[in-house]
Amino acid sequence: MGGWIKIAGHDDTKTSIKVPKVASAFIGSLTFVHDAPELPAYTGQFGFDFMDFKKLKYQKIVGKNIYDKTTEMYTFNSGSSNDEFTKLEAQYDTFELADYDNGNDRKKTTYYTPWYSSFKAKPHKLLVQLNIKSPEAGEIKLVSSDANLKIDKPSIKTTKETDGEHRLPIEISFENALKNNAKIEARFYDDTGKNPDGLLIGALNVYKNDVEYDMRLKFLKVYITGKIKVQGEEGLVYLDPIKKEYKYYINLIDKTISEIGILNDSIRKMDEWFDPIHKPSPLTHNFARNLAQYNSLNNERDTKSETLTKTMKKLTLAKDIDANQEANLKKAQRTISRKTNFLKKVFGQALVNYHNIATEEVAIEAQSYKEYLDFTDDISVYKSDGGYKIKYTEGASYDTGEFSEHTFDAYTNIHKDENYIFMIPFDMHSSKSEISTLLGQAEAVSYKGNKAIMLPSADANTIIHEIGHVFNLSHTFSNDHVNFCQGTLNNIMDYAGYAINTPTDVIPSGSSPIPKFTFFKWQWEIIAKDPNLIKKSV
């Protein structure tokens, strides 16, 4: 079973027209609101898409977002909201209910019919909330438009005293999968028989579910190996996180220690020659040549000792960096493991079954990038807050998208019907701002892509957001459907906690990010077209 869903009415109180007087005094409303954080029993086997004026005030937040590359700021153009709101309304069926006012003029309120999606396999319990004023004796019935769509306990009796809020528990199940979208209507039938067709007081669109989709997601733990720059350190540092044998340094240390030992033996022998007791006269034959050789051996030993010290320091540094790689990747894997149910819930809204098929380790040699990017010249790592971050070299021309693309190119074992998340071992700055950390990046907003990267600071929302881009979903503030003011939705494709008219990657002080857990119905339909999903007829 799924969790209980609170269902309540929304209304657009600005809609008002005059209509003839009628005798009926029944006023009712039934529409649907879904708020996942309040549903601990919600398992993601169903989803809602709804117009919620009371909570999100869509009329105020739809419009165009204009991006200024110079200032790196978005400006929300509320003047375009009427056109955008018309586009939004087109996504939903509307109906009107007339409020009764002592036999005088009645105001009609516009209601938007939400969408409900559900896998066929599991019935779900919903809690219908009815708001009734000045009722007549009769019955409210919930009627399905499709014989395959079943409603348990679908009616409630009313009397003249049935004012107020009433809750009707129902169970929705499917005799067979729906090949077409269906509808559940709530209608009031009075006892006098004056309205044999019933008065429409609420409706719910039910999304067809004769096809379900499997998404196979593979996580790849990326280890950066080979020589790489470390800010503040001379030369390159050799990383060896997988084998952890550090042969490059061990061999160099052993070789240097051996060379220093040989030098020490030679110097000791010459020490006897230059011992004060047996110190030869400067006039002794070959004295000048032996002195020069003695000084050269000491200088060489000093150089080798310095090299040994630097090598041992770099080995310690390499172990520290590699330990940080390992810790960050373990953190990312824990995030994924802990959020498996959340991933299933969110994708389940679009009738997509989420499967984590594997986690693999992938070693990417830093120097292997050089054939298409001077990788070791352009990026480095630096210590920050107890860990390490990737940063492009000062003044280098770059885009963080390059890093993503080159990571994708370095892994060639790509299979059809699978999507890939590359877990990067270090955080890095966004190419847009030195202030913020890049959380994730998709290969492309295109069905041609099936890869994305995830950095250590990313959470499950980031994973879903980037996969949304792989499924050809744009941001909710920049798309071909309906645009919303950035940072105002609980939709997965919005940005969390960002604000319009501030630098793009800055979360305003004191703001609380809006939890992200929903897709719109039109996004369900875009997701379903992805060729990497496996379709299963029900």
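Just so it is clear, the structure is predicted and the values come from calculations on it, not from any experiment. Below, all heavy atoms of this structure are taken into account, side chains as well, without hydrogens, waters or symmetry copies.
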**OP:** Evaluate side-chain contact (heavy atoms from CB on, under 4.5 Å) for L220 paired with E360, printing each intermediate quantity in order.
**Re:** CA-CA 5 Å; L220 303 171; E360 294 183 2; 3.7 Å; yes

Does [X] use its side chain to pair, donor to acceptor, with the backbone of [Y] at less than 3.5 Å?
{"X": "T476", "Y": "F484", "value": "no"}
{"X": "N328", "Y": "P456", "value": "no"}
{"X": "T158", "Y": "G138", "value": "yes"}
{"X": "N450", "Y": "E418", "value": "yes"}
{"X": "N209", "Y": "E212", "value": "no"}
{"X": "E466", "Y": "A442", "value": "yes"}
{"X": "S144", "Y": "L149", "value": "yes"}
{"X": "E89", "Y": "T94", "value": "no"}

Original post:
Do N491 and Q523 have a side chain donor and acceptor closer than 3.5 Å?
Top reply: yes

Original post:
Does a donor on one side chain sit under 3.5 Å from an acceptor on the other, for N205 and T113?
Top reply: no

Quick one: does [X]'s side chain get under 4.5 Å of [Y]'s, heavy atoms only?
{"X": "V222", "Y": "Y411", "answer": "no"}
{"X": "H481", "Y": "I526", "answer": "yes"}
{"X": "I414", "Y": "F408", "answer": "no"}
{"X": "M215", "Y": "Y354", "answer": "yes"}
{"X": "F519", "Y": "I464", "answer": "yes"}
{"X": "M423", "Y": "K221", "answer": "yes"}
{"X": "M428", "Y": "K389", "answer": "no"}
{"X": "E171", "Y": "K150", "answer": "no"}

**OP:** For the pair K339 and D459, evaluate salt bridge (charged side-chain N to carboxylate O under 4.0 Å, His left out) and give the outcome as yes or no after the intermediate values.
**Re:** CA-CA 9 Å; K339 294 297 184 178; D459 56 15; over 6 Å; no

For [X] versus [Y], what's the shortest heavy-atom pair and its separation?
{"X": "H355", "Y": "D214", "answer": "NE2-OD1, 3.3 Å"}
{"X": "D190", "Y": "T192", "answer": "OD1-OG1, 2.7 Å"}
{"X": "Q349", "Y": "S117", "answer": "O-OG, 2.6 Å"}
{"X": "S404", "Y": "Q441", "answer": "OG-OE1, 2.7 Å"}
{"X": "K535", "Y": "A528", "answer": "CE-O, 4.0 Å"}
{"X": "D427", "Y": "S457", "answer": "OD2-OG, 2.5 Å"}

**OP:** Test side-chain contact (heavy atoms from CB on, under 4.5 Å) on I492 and I467 and set out the steps.
**Re:** CA-CA 10 Å; I492 290 295; I467 295 174; over 6 Å; no

Original post:
Checking salt bridge (charged side-chain N to carboxylate O under 4.0 Å, His left out) for the pair E525/K529: CA distance, chi angles, key distance, verdict?
Top reply: CA-CA 7 Å; E525 294 174 333; K529 295 177 183 177; over 6 Å; no

Subject >> Sole candidate of Y116, F174, W524, F119 that passes ring-ring contact (aromatic ring centres under 6.0 Å, His included) when paired with Y207 >> reply: W524

Original post:
Within 45 degrees of the axis of the six-membered ring of F422 and under 6.0 Å from its centre: does K451 put its NZ or CZ there?
Top reply: no

[atom2] on [Y] to [atom1] on [X], rounded to 0.5 Å:
{"X": "N419", "Y": "I463", "atom1": "CG", "atom2": "CD1", "result": "12.5 Å"}
{"X": "K120", "Y": "E175", "atom1": "NZ", "atom2": "CD", "result": "8.5 Å"}
{"X": "L204", "Y": "W115", "atom1": "CG", "atom2": "CH2", "result": "9.5 Å"}
{"X": "I453", "Y": "T407", "atom1": "CD1", "atom2": "OG1", "result": "6.0 Å"}
{"X": "N479", "Y": "F520", "atom1": "CG", "atom2": "CZ", "result": "9.0 Å"}
{"X": "D146", "Y": "I184", "atom1": "CG", "atom2": "CD1", "result": "10.5 Å"}

Original post:
For H415 and D417, what are the C-alpha separation, side-chain angles and deciding distance, and is it a side-chain hydrogen bond (donor to acceptor under 3.5 Å, both in side chains)?
Top reply: CA-CA 6 Å; H415 298 283; D417 301 332; over 6 Å; no

**OP:** Tell me, with the steps shown, if H475 and H469 meet side-chain contact (heavy atoms from CB on, under 4.5 Å).
**Re:** CA-CA 8 Å; H475 291 131; H469 285 318; 3.2 Å; yes

Original post:
Any chance CG of D385 has more than 12 other-residue heavy atoms, nucleotides or ligands included, within less than 6.0 Å?
Top reply: no

Original post:
Is the number of heavy atoms from other residues, nucleotides or ligands within 6.0 Å of NZ (K179) greater than 12?
Top reply: no

Subject >> Close aromatic pair by centroid cut-off 6.0 Å: Y495 and F477 >> reply: yes

**OP:** List the steps and the verdict of side-chain contact (heavy atoms from CB on, under 4.5 Å) for N461 and F342.
**Re:** CA-CA 9 Å; N461 282 308; F342 178 70; 3.6 Å; yes

